[in-house]
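Both counts, for ligands and for their atoms, begin at 1 and track the order of listing. Note that the structure is predicted; figures quoted are calculated from it, not measured.
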Amino acid sequence: MNKQDQPLIFELSKEGRIGHSLPELDIEEMELSSIIPDEYIREEEAELPEVSELDIIRHYTALSNRNHGVDSGFYPLGSCTMKYNPKVNEDVVRFEGFSYVHPYQAEETVQGSLELMYDLQEHLKEITGMDEVTLQPAAGAQGEWTGLMMIRAFHESNGDFHRTKVIVPDSAHGTNPASATVAGFETVTVKSNENGLVDLEDLRRVVGDDIAALMLTNPNTLGLFEEHILEMAEIVHGAGGKLYYDGANLNAVLSKVRPGDMGFDVVHLNLHKTFTGPHGGGGPGSGPVGVKAEIIPFLPKPLIVKKNEQFQLDYDRPQSIGRVKAYYGNFGINVRAYTYIRTMGPDGLKAVTENAVINANYMMRRLAPYFELPFDRHCKHEFVLSGKRQKKLGVRTLDMAKRLLDFGYHPPTIYFPLNVEEGMMIEPTETESKETLDAFIDAMIQISKEAEENPEIVQEAPHTTVVGRLDETLAARKPVLKYTKES
Ligand SMILES: *Cc1c(COP(=O)(O)O)cnc(C)c1O
């Protein structure tokens with residue numbers, strides 16, 4: 001049987017075959033209708049596959065082998081930091097003291113878990129240069145929203161109800177304007193200049209007394225460091241606005257420079273990216289938010305505090321924006337991040353930054369002769385190429401991304417950020433060897449040659465995957481096609 005012919009689980013189904021064995025019932029069987037109201041009881045049997053335990057194990061193992069993950073191959077997805085997630089994190093999060101606790105347990109019985117959360121907050125304060133941290137938000141986007149809601153509460157506590165606008169650069173991650181909108185703000189776009197940095201003249205033009213905040217990523221989404229960050233902070237603070245740092249990707253700044261020292265008032269981090277929580281496919285994540293002293297009163301509650309050598313959940317916070325997540329955040333991801341920070345130590349984290357940056361620059365320079373480099377300057381943890389040259393030959397960036405699948409690579413982020421034509425955003429991360437980087441570079445060079453000599457092979461890619469080129473829109477809008485016996 002070839003890979004393409006793997007049967008559906010429904011096709012494996014044989015009536016009466018079962019994949020479980022339960023002990024015999026030793027209590028009286030109850031009528032379903034004595035437990036569930038009649039209107040909720042289904043009239044027809046659910047159409048479920050009937051398979052043995054071995055059938056189902058083989059089925060899912062085969063499916064997992066078709067998947068692409070960091071553990072199976074190089075995954076240079078820009079802005080997503082698909083680095084290796086150390087397996088020691090998994091050992092630690094499975095300690096019974098962490099995996100068998102209940103969020104409603106009395107504080108004195110979960111002192112270890114509370115201490116870990118408290119200590120993680122302390123480490124994140126040190127890493128970001130902030131005065132206090134909440135671990136509640138479950139993802140970067142939720143961290144952004146939480147941060148903006150606090151900024152809003154801060155302005156309103158000063159009677160500043162007219163600050164209704166948030167400035168977002170045109171290179172920003174899509175979640176930034178989305179979070180600002182969900183938090184009830186209007187977004188104002190500020191342009192990038194020819195160097196890929198925020199245009200200071202344009203920034204001066206848009207600030208005013210209706211501005212609540214500027215949201216910024218630094219290094220920005222092009223992988224470039226905003227050199228004039230202190231001047232930008234002065235402009236925004238001068239107008240009474242706050243500076244929000246999108247710290248989803250901290251791989252280029254760890255132990256080198258801190259958002260708090262750059263003048264930022266609020267920062268969110270993506271622990272599932274920089275701090276090795278396995279992610280992809282929608283979660284789970286963790287998006288803690290750090291704030292400067294004047295924003296502390298507005299943090300979500302409860303906050304984990306230490307009083308008389310005891311760790312406590314502090315609910316007594318009258319100006320808090322409230323709870324933003326059930327319980328205290330995604331504890332499992334926080335345990336992994338804590339393990340990572342403790343295993344790496346300060347020198348290890350510094351090495352992360354240096355290797356992430358050197359890997360990205362090495363790759364950028366080696367690929368520069370074959371692709372257009374829209375901003376020819378040193379990059380930080382990631383860089384952006386443009387497929388403009390190949391487009392003239394009839395080969396789009398999407399085609400090249402599909403062709404990479406034939407080489408066994410997950411493609412980079414494409415058509416992002418929006419201010420680059422035919423963009424390709426590559427983030428190699430620090431955990432990859434030079435051999436891996438070279439092999440990927442060779443594949444990219446080969447694809448650029450194919451675009452010149454044999455464009456069809458790129459235009460019709462992928463050739464070696466289980467399914468060929470998908471209808472992208474249909475796949476996104478209708479990811480699950482309903483199975484019927486006839487189909
Ligand atoms: C990933 C990312 C986000 C969003 O984080 P989620 O955890 O996916 O919600 C925001 N900003 C930047 C720059 C990112 O890379």
Side-chain angles (χ1 to χ4, degrees), residues 70 75-83 85 124 128 134-149 166-183 187 192 196-198 213-226 229 243-254 259 264 266-290 324-325 329-330 332-334 336-337 356 360 379-384 410 412-420 423-429:
V70 181
Y75 204 139
L77 193 63
S79 201
C80 293
T81 314
M82 304 305 286
K83 59 163 86 171
N85 308 124
L124 298 180
T128 56
T134 172
L135 302 177
Q136 267 189 41
Q142 199 190 9
E144 291 170 26
W145 176 81
T146 303
L148 290 169
M149 291 303 280
V166 168
I167 306 172
V168 181
D170 58 2
S171 63
H173 194 270
T175 50
N176 290 189
S179 305
T181 306
V182 176
T187 59
S192 305
L197 305 177
V198 169
L214 164 68
M215 291 182 94
L216 201 70
T217 308
N218 197 19
N220 67 24
T221 310
L222 297 163
L224 306 175
F225 196 84
E226 296 284 354
I229 185 61
L243 241 72
Y244 183 95
Y245 186 96
D246 178 341
N249 308 284
L250 229 56
N251 252 27
V253 301
L254 284 171
F264 286 91
V266 181
V267 47
H268 89 262
L269 308 178
N270 277 18
L271 299 190
H272 47 292
K273 290 181 181 168
T274 315
F275 299 94
T276 64
H279 60 290
S286 178
V289 180
V324 300
K325 161 95 175 66
N330 271 336
I333 295 297
N334 294 340
R336 289 174 176 89
C379 65
K380 289 291 177 274
H381 60 296
E382 62 194 1
F383 61 97
V384 178
H410 192 290
T413 301
I414 55 171
Y415 298 105
F416 182 78
L418 300 177
N419 55 346
V420 174
M424 231 182 301
M425 180 188 224
I426 302 178
E427 181 180 7
T429 82

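Atom CG of residue N176 and atom OG1 of residue T217 lie 5.0 Å apart, to the nearest 0.5 angstrom.
Using a 4.5 Å cut-off on side-chain heavy atoms (C-beta onward), N251 and K83 make contact.
Using modelled atom types and a 3.5 Å distance limit, the side chains of E226 and N220 yield a donor-acceptor pair. The closest side-chain donor-acceptor pair between S192 and D170 falls under 3.5 angstrom.
A donor-acceptor contact shorter than 3.5 Å is absent between the side chain of E144 and the backbone of A178. Proximity of a side-chain donor or acceptor of T429 to a complementary backbone N or O of T81 within less than 3.5 Å is not detected. Formation of a donor-acceptor pair under 3.5 Å by the N330 side chain with backbone atoms of S286 is not found in this model. Of the possible donor and acceptor atoms, none in the side chain of E427 sits under 3.5 Å from a partner among the backbone N and O of E382.
The shortest N/O to N/O separation between T217 and ligand 1 does not fall below 3.5 Å. Residue contacts with ligand 1: A141 is placed with a nitrogen or oxygen under 3.5 Å of a nitrogen or oxygen of the ligand (distance criterion only). Polar contact check, H268 against ligand 1: no nitrogen or oxygen pair lies under 3.5 Å apart. Of the N or O atoms in N176, none lie within a sub-3.5 Å distance of an N or O in ligand 1.
With ligand atoms numbered from 1 in the order given, ligand 1 contributes 10 (C), 11 (N), 12 (C), 13 (C) to contacts under 4.0 Å with heavy atoms of D246. Contact atoms of ligand 1 toward E144: 10 (C), 11 (N) (distance under 4.0 Å to a heavy atom of the residue). Taking a cut-off of under 4.0 Å to the non-hydrogen atoms of S79, the atoms of ligand 1 that pass are 1 (C), 13 (C), 14 (C), 15 (O). Taking a cut-off of under 4.0 Å to the non-hydrogen atoms of N249, the atoms of ligand 1 that pass are 13 (C), 14 (C), 15 (O). Heavy-atom contacts of A248 reach the following atoms of ligand 1: 2 (C), 3 (C), 10 (C), 11 (N), 12 (C), 13 (C), 14 (C), 15 (O) (cutoff under 4.0 Å).
Classification of the H410-Y75 ring pair by plane angle, with boundaries at 30° and 60°, yields parallel.
The parts of A139 lying near ligand 1 are both backbone and side chain, judged by heavy-atom distances below 4.0 Å. No part of T221 comes within 4.0 Å of ligand 1, judged by heavy-atom distances.
Looking only at heavy atoms of the protein, atom 5 (O) of ligand 1 is closest to N270 ND2, 3.0 Å. The single protein non-hydrogen atom nearest to atom 14 (C) of ligand 1 is K273 NZ, 2.9 Å, given as residue, atom name and distance. For atom 6 (P) of ligand 1, the closest heavy atom belonging to the protein is G140 N, 3.4 Å.
Heavy atoms of H279 come nearer than 4.0 angstrom to ligand 1 in no pair at all.
Comparing H173, E382, Q142 by heavy-atom distance to atom 3 (C) of ligand 1, the nearest is H173.
Counting only heavy atoms, the protein never gets under 4.0 Å from atom 8 (O) of ligand 1.
Of all the heavy atoms in G78 and T413, the pair that sits closest is O-OG1, 2.7 Å. The minimum heavy-atom distance between K273 and N249, with the atom names listed, is CD-OD1, 3.8 Å.
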